[in-house]
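Step one of this worksheet: look at the structure below.
All figures in this text were calculated on a predicted structure; none of them were measured in a lab. Naming convention: chains lettered A, B, ... in sequence-line order (proteins, then strands); numbering from 1 in each chain.
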Number of protein chains: 2
Amino acid sequence: MAKSGSASKVKASGGARSEVTRQHLVDAAIATLQDRGFAGTSARAIAERAGSNQGLIFYHFGSVANLLLAALDAVSHSRLEQYGTSVAGTSSLTELVDAATDIFQTDLDAGYLTVLVEMIAGASSSPGLGPEVAARIGPWQEFAQTAVESSLRDSPLAALLPAKDVAYAVVALYLGLEMLSHLDGDRGPALDLFAHARLLAQLIERMTATTTAEETT
Amino acid sequence: MAKSGSASKVKASGGARSEVTRQHLVDAAIATLQDRGFAGTSARAIAERAGSNQGLIFYHFGSVANLLLAALDAVSHSRLEQYGTSVAGTSSLTELVDAATDIFQTDLDAGYLTVLVEMIAGASSSPGLGPEVAARIGPWQEFAQTAVESSLRDSPLAALLPAKDVAYAVVALYLGLEMLSHLDGDRGPALDLFAHARLLAQLIERMTATTTAEETT
DNA sequence: GTCTATACTTGGATAGAC
DNA sequence: GTCTATCCAAGTATAGAC
């Protein structure tokens, strides 16, 4: 349905030029959420960073809220994709914790989690934003659940701790650690925690091995 | 009793009338943070709820940010006091989890944690707000650390998990659970988690008892 | 179709009324 | 000392220019 040469993309505003502008605005929205927070991410603040006129936000996205959701989409997709490849290479609980540590460090340093936290906390400020944000956080919980399931599959803990509940806690912890680390400007305590989680993972694996050995005896 | 002579009090403490107005504004700020979020908590929104003129906020508190900090102070003090009495009555890990469950449920239903989350997330929007908020979250971590220490004192887990790190995680988890529950409008998953934590606490206590018995044999 | 200039609303803060 | 009327900056959104 490409009309003329310039209109090959799917969006209502379909030109290549439009796509570039949209991308600039999304990038600027992410950056602004990261260092000004939700309340500081106004159309003017975003546009200034993008080097665009603020009116473009309403032309391309209809509202600031829609642009912010597009920004959340971009971060969410890009991170979940990365998570998938990182976790695919793990086969034990300890390796999963190692992968999670790397992921968390990157998320923290690059401010990806900040975008999530600001959007979740900011959702209550804007009518109708809540469900939209929730729909974009859902995949994070699904991903966490899958990762937890495959790592606890052979563990006796699986009976005691449903993967869904553990995944919910993992995502909550992730968000909470971002909040505290960001607030203090110190990622040290959070990383210490991952180090301890690794030790705990090793302990659990040893216990599991022992249990299995006893059962097969 | 409207005015006893010409009021002789200074601005900050003021007369009884001033104190009433301040309290109304603090209460309204808390309520507004809870259902409009940080970004929606403007001087006008607060004043409307308090039944006051918005200029009063600047007269009594100097700025909206200062009023919000006073609101955070009020919530923080009142909750930590409650936590203290609740946890004082516990002597085992299981009882601690029970107390935490009650506390969490109240926090969630009454929106106390919402105030914390909104202030933490909103802190990045306002220059200089971060350290002020951090100073008011610190006591929460100290409280959590004390509670964790007294409950893990006799446990072999204490060597593996420093109370400070566990407390950091507990506070982070608390905040994260509030965010997710609030976003979904469903506290069910979070409460399920507490139920599982209780089972885990019982398991740990049984393991600890066994270990102790073996050691004394 | 894409973008800019402009309209109108809301927000923070204060000068001045009581 | 306490509160209100008013000011101006910043916000969203659109009408109209290119």
Pairs satisfying ring-ring contact (aromatic ring centres under 6.0 Å, His included), at least one member in residues 112-141 of chain B, at least two apart: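 Every pair satisfying ring-ring contact (aromatic ring centres under 6.0 Å, His included) with a residue in residues 112-141 of chain B: B:Tyr83-B:Trp140.
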Between [N] ([atom2]) and [X] ([atom1]): distance, integer Å:
X       : N      : atom1 : atom2 : answer
B:His60 : C:dG12 : NE2   : C1'   : 17 Å
A:Glu48 : C:dT4  : CD    : P     : 15 Å
B:Gln23 : D:dT2  : CD    : P     : 16 Å
B:Phe61 : D:dT2  : CZ    : P     : 13 Å
A:Arg22 : C:dG1  : CZ    : P     : 14 Å
B:Ile46 : D:dC3  : CD1   : P     : 16 Å
A:Glu19 : C:dT2  : CD    : C1'   : 14 Å

Residue pairs passing the salt bridge (charged side-chain N to carboxylate O under 4.0 Å, His left out) test where at least one lies in residues 126-146 of chain B, sequence neighbours excluded: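 Output for this query lists B:Asp73-B:Arg136, B:Glu132-B:Arg136.
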Where at least one partner belongs to residues 170-187 of chain B, residue pairs that pass salt bridge (charged side-chain N to carboxylate O under 4.0 Å, His left out), sequence neighbours excluded: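 Checked against salt bridge (charged side-chain N to carboxylate O under 4.0 Å, His left out) - neighbours excluded - the pairs reaching residues 170-187 of chain B are B:Asp109-B:Arg187.
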Dot-bracket encoding per residue of DNA chain C, Watson-Crick/G-U cut-off under 3.5 Å, | denoting interstrand: ||||||||||||||||||
All side chain to side chain contact (heavy atoms under 4.5 Å, CB included) counterparts of B:Gln82, not counting sequence neighbours: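 For B:Gln82 the side chain to side chain contact (heavy atoms under 4.5 Å, CB included) partners, ignoring immediate neighbours, are B:Arg79, B:Thr85, B:Ser86.
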Residue list, side chain to side chain contact (heavy atoms under 4.5 Å, CB included) with A:Ser92, at least two apart or on another chain: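 Partners of A:Ser92 by the side chain to side chain contact (heavy atoms under 4.5 Å, CB included) criterion, ordered by chain and then number, come out as A:Thr94, A:Glu95, A:Glu205.
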Which atom pairs, donor and acceptor, lie under 3.5 Å between side-chain atoms of residues 24-35 of chain B and protein residues at least two apart or in another chain?
residue	atom	partner	partner atom	Å
B:Asp27	OD1	B:Gln23	NE2	3.1
B:Thr32	OG1	B:Ala28	O	2.6
B:Thr32	OG1	B:Arg49	NE	3.4
B:Gln34	NE2	B:Ala110	O	3.0
B:Gln34	NE2	B:Gly111	O	3.1
B:Asp35	OD1	B:Arg49	NH2	2.8
B:Asp35	OD2	B:Arg49	NH2	3.0

Sugar-phosphate only, base, or nothing, as touched by B:Thr21 at under 4.0 Å among non-hydrogen atoms: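 Since only primed, P, OP1 and OP2 atoms lie under 4.0 Å of B:Thr21, the category is sugar-phosphate.
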Exercise: do B:Gln145 and B:Glu149 side chains pair donor with acceptor under 3.5 Å: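 Judged by distance alone, the side chains do pair up.
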Kindly list each side-chain donor-acceptor pair under 3.5 angstrom involving residues 117-124 of chain B, sequence neighbours excluded, with atom names and distances?
residue	atom	partner	partner atom	Å
B:Glu118	OE1	B:Phe38	N	2.8
B:Glu118	OE2	A:Ser124	OG	3.1
B:Ser124	OG	A:Glu118	OE2	3.1
B:Ser124	OG	B:Ala121	O	3.1

Base versus backbone protein contacts along nucleotides 9-18 of chain D [heavy-atom cut-off under 4.0 Å; B, S, -]: --BBBB----
CG on A:Leu72 to CG on A:Leu116, rounded to 0.5 Å: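 Those atoms lie 5.5 Å apart.
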